[in-house]
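To start, the structure itself, in structure tokens.
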Protein chains: 2
Amino acid sequence: MKSMASTSDKILDIAKSLIVAGGYNGFSYADIAAAIGIRKASIHHHFPTKAELVSVLVDRYIKQAEAGLRSLREQAASPADQLQFYIDFWNACIRDASQPFCVCAMLASEMQMLPEEVALRVRAHFQGLAAWLTSVLQAGVEQGLFRLDKRPEEQAQMLMASVHGAMLSARAFGEPGLFIAVVAPEIARLRAPDRYGTVR
Amino acid sequence: MKSMASTSDKILDIAKSLIVAGGYNGFSYADIAAAIGIRKASIHHHFPTKAELVSVLVDRYIKQAEAGLRSLREQAASPADQLQFYIDFWNACIRDASQPFCVCAMLASEMQMLPEEVALRVRAHFQGLAAWLTSVLQAGVEQGLFRLDKRPEEQAQMLMASVHGAMLSARAFGEPGLFIAVVAPEIARLRAPDRYGTVR
DNA sequence: TTTACTCTACCTACTAGTAGGAAGGCAAAA
DNA sequence: TTTTGCCTTCCTACTAGTAGGTAGAGTAAA
């Protein structure tokens, strides 16, 4: 009982890794077909058009991300730990090359020429991620864990930019370690010193 | 006496804007030909292959960037002003949509599937930019203008990631103002308070 | 007369997408 | 129980159009 994954899931999995590698125009139905050993036409049966395939793909990605972030929050970890788990997750993805870039970040760079239905979903993911980061920062401030220079929404945007920029640098330099080297100090800076002046 | 630009310059100009919009796989010789009113084959006369075209394009981009950054330094502006001019430049490019993204940042996201000759040049630009930022930060520290949490090289990497991430966010949200909203506080944070505790 | 440039015309390989059929599972009707 | 028909899935074979790239001829200036 090995691969229980349905064909359409396999298609989405391969498409995801191809998009992460080369973006929307960086893959074709033929690539996917070859990778999972079926014919092009079979893919069109599951996903009539490329725009629809990628739309479903992004929808799934958003759902997975939302579920992951929600479970992070529900595990009652402190806001500081939530942030740490978040960047540890990406650090692991980049280090083992399992997913060395965010699908939506990749697609966002091509925003201008994306089918509208895809562009809308990519933007939605950015909004969702910004909202999650904002709420985590806000909670951290209320618990006295963080001290922010700016309002939580702005600080969240700054943090998100750091994360995406760090992914890009890691890729551009071919140094996976750059991701954490850039992001970790950015997060450390948010931590408020406690009353004894020590660092948690 | 209007367009003195040579055909090959026109080709590179159009190709640049097409790459900024959609990346390496987001444009074709046909697109360029249509845009400047010549035939595809004429482009092949100037640039035999696509990889060569983009290589020359990136070489030119790097030269322009180097010249710009060098002149910034030679205008004897303070390190703080140099940084400010740098982000003001990008802010203007993004706001007037004349160049809403860095060519090399765009290509870096597709690093994994770029022709090697192009990938090498993109990486070189990242190294050059990191080196320039490092030297500016270093000079700022020596002049007592900046106070850094980390070593200049690391701080430069963090700053570069912020800039690229901010470009991506501005594009993803369709809000050009996001760029400066993210980058400005990041730079303000570097400034050291002077002996009177005021902000320069 | 060479050189630089652009053209028409063409090539092969690949693009997303379509048409129509074969194979098998499933369920209701005979 | 068998038959009928539907549904899903995948297939072969195809379309029109686009990709990067080539061959060779025309043209104009040095």
Reading 5' to 3' through nucleotides 9-16 of chain D, protein heavy-atom contacts under 4.0 Å coded B for base, S for sugar-phosphate only, - for none: BSBB----

Just the rounded figure in Å: distance from [atom2] of [N] to [atom1] of [X].
X	N	atom1	atom2	answer
A/Asn25	D/dG20	CG	C1'	15 Å
B/Asp31	D/dG17	CG	P	17 Å
B/His44	D/dA25	NE2	P	20 Å
B/Tyr29	C/dC11	OH	C1'	17 Å

Whether B/Phe126 and A/Phe173 hold their rings parallel, tilted or perpendicular, with breakpoints at 30° and 60°: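 Perpendicular, since the angle between the ring planes exceeds 60°.
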
Expected output: side-chain B/Ser55 to main-chain B/Ala51 donor-acceptor under 3.5 Å: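 Between the backbone of B/Ala51 and the side chain of B/Ser55 there is a qualifying donor-acceptor contact (under 3.5 Å).
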
Taking only Lys NZ, Arg NE, NH1 and NH2, and the carboxylate oxygens of Asp or Glu, determine whether [X] and [Y] approach each other closer than 4.0 Å.
X	Y	result
A/Glu175	B/Arg123	no
A/Asp13	A/Arg60	yes
A/Arg189	A/Glu186	yes

Sugar-phosphate only, base, or nothing, as touched by B/Phe47 at under 4.0 Å among non-hydrogen atoms: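 Result for B/Phe47 = nothing.
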
Six-ring centre of B/Phe27, B/Lys50 cation under 6.0 angstrom, axis tolerance 45°: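 Flagged: B/Lys50 positioned over aromatic ring of B/Phe27.
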
